[in-house]
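Below: one structure, written as structure tokens.
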Amino acid sequence: MDPLYKVCRIPNKGEGLIATTDITRGQLILSEAPLFRYTDLRFNDPSEADRQYNKLGRAKQKKVWKLFDVTGNRNRSEDLELVMRTNGIKLRDPNHDMMYGLFEVACRINHSCLPNTHSSWDPEKGTIEIYATQSIPQGEEITSTYIGNLGEYALRQECLAYIFRFTCRCCLCTLPEEDRESSDLRIQEINYLRRQDVSTLSQIRELLQLYDQESIADWQPVEAYEGAWRLARRSGYKTRARIFAERGAKLCAEIEGFDGANTVEWRKRAMDCGDEDEEMPEEEEEFEERLFGELQVKENVDGWGDWF
Ligand SMILES: C[S@@+](CC[C@H](N)C(=O)[O-])C[C@H]1O[C@@H](n2cnc3c(N)ncnc32)[C@H](O)[C@@H]1O
């Protein structure tokens, strides 16, 4: 199958990946094995990465030196530390806490504070899997995040300049000032709600609406559905719990594929919910009232119906 991307020059960012066809949300863009992997122990044992590098054949070694480094050049000085600092992708591996990898293609993906992909490490296949979390029209840049969801514009810029030494020119950071300020306000609101112990479905609903307005399609909405699923389940609302679990499973499949470990877990949750609501035990009634009181009033209001 032809790749869905090509590597080419991107103004002000060096090289990057551009979609060669329309990519749909949830589509697998890239599955790639690393050139080599290393653990964060390199800080204690700097020769560890060197040892991994030395095991590579000449062809792969050459590919390593074609990667960018934090000075904004292809690495001419053959300083492995610089290349790792710029390109190392964290791999969430159940057996290794601090595993990183260098990849020929995945490391060409430029950063965006509003990325259109999500990547996960498949320890069984030994590959990084990159899925589209937004639809990406042909000709548009494919992006990922280097810093997670850090916060507002000023903080993001500071962090990227400090760690990676570049001024971010992503779609969010280059918005007109007024739009960027609106985005900052929404991000503040999201972070405020996340810091609270979100305990009602209406707060979760508010969070999900903010994610939607901000086009955030990563683990955060999945976590919100997890909260909703737990609340509904604890209150004996099996039907609702199942719906929340199904939505969590759908979002999860879009960011890490239908067979991803988390997606499978979410589908299991949906199946385990059953669909008959239980009689509420006496002592839980008060709790249930607090939890759903607001919801039951709002449930009939326009705009809530689509949640159930
Ligand atoms: C991992 S490399 C990405 C691929 C790189 N552009 C290349 O040509 O190989 C990271 C480097 O790309 C550039 N870069 C990535 N995202 C950027 C962004 N949002 N704005 C400006 N430069 C960016 C920076 O120079 C950064 O150090």
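We count ligands from 1, going down the list as the structure has it; atoms in each ligand are counted the same way.
When each atom of ligand 1 is checked for a heavy atom of H111 under 4.0 Å away, the hits are 15 (C), 16 (N), 18 (C), 19 (N). Residue contact check: R169 has heavy atoms under 4.0 Å from atoms 18 (C), 19 (N), 20 (N), 21 (C) of ligand 1. The ligand atoms of ligand 1 that sit less than 4.0 angstrom from a heavy atom of G14 are 8 (O). Ligand-side atoms of ligand 1 in range of C168: 19 (N), 20 (N), range being under 4.0 angstrom from any heavy atom. Proximity to T167 (heavy-atom distance under 4.0 Å) selects the following atoms of ligand 1: 20 (N), 21 (C).
A cation-pi arrangement, defined by a distance under 6.0 Å to the six-membered ring centre and an angle within 45 degrees of its axis, is absent between R156 and Y153.
Both the backbone and the side chain of T86 come within contact range of ligand 1, each with a heavy atom under 4.0 Å.
Salt bridge present: D272 and K268 bring a charged side-chain N and a carboxylate O closer than 4.0 Å. Note on K60 versus E104: no salt bridge recorded, every NZ/NE/NH1/NH2 to OD/OE distance being 4.0 Å or above.
Judged purely by distance below 3.5 Å, without hydrogens or angles, the side chains of S31 and E129 pair a donor atom with an acceptor atom. Between T133 and E254, the side chains place no donor N or O within less than 3.5 Å of an acceptor N or O (distance only, hydrogens not considered). For the residue pair T263/E256, the side-chain donor-acceptor check at 3.5 Å is satisfied.
For ligand 1, the polar-atom distance check finds no N/O of S112 at less than 3.5 Å from any of the ligand's N/O atoms. Between N110 and ligand 1, a contact under 3.5 Å exists for at least one N or O pair. The distance criterion of under 3.5 Å between nitrogen or oxygen atoms is met by E15 with respect to ligand 1.
Of all the listed residues (F166, F103, Y146), Y146 holds the heavy atom that lies closest to atom 10 (C) of ligand 1. The nearest non-hydrogen atom to atom 4 (C) of ligand 1, considering only A106, G88, C113, C107, comes from C107.
A heavy-atom distance below 4.5 Å is not found between the side chains of Y100 and F36.
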Run the side-chain contact (heavy atoms from CB on, under 4.5 Å) check on N110 and L17 step by step: do they pass?
CA-CA 8 Å; N110 287 315; L17 264 59; over 6 Å; no
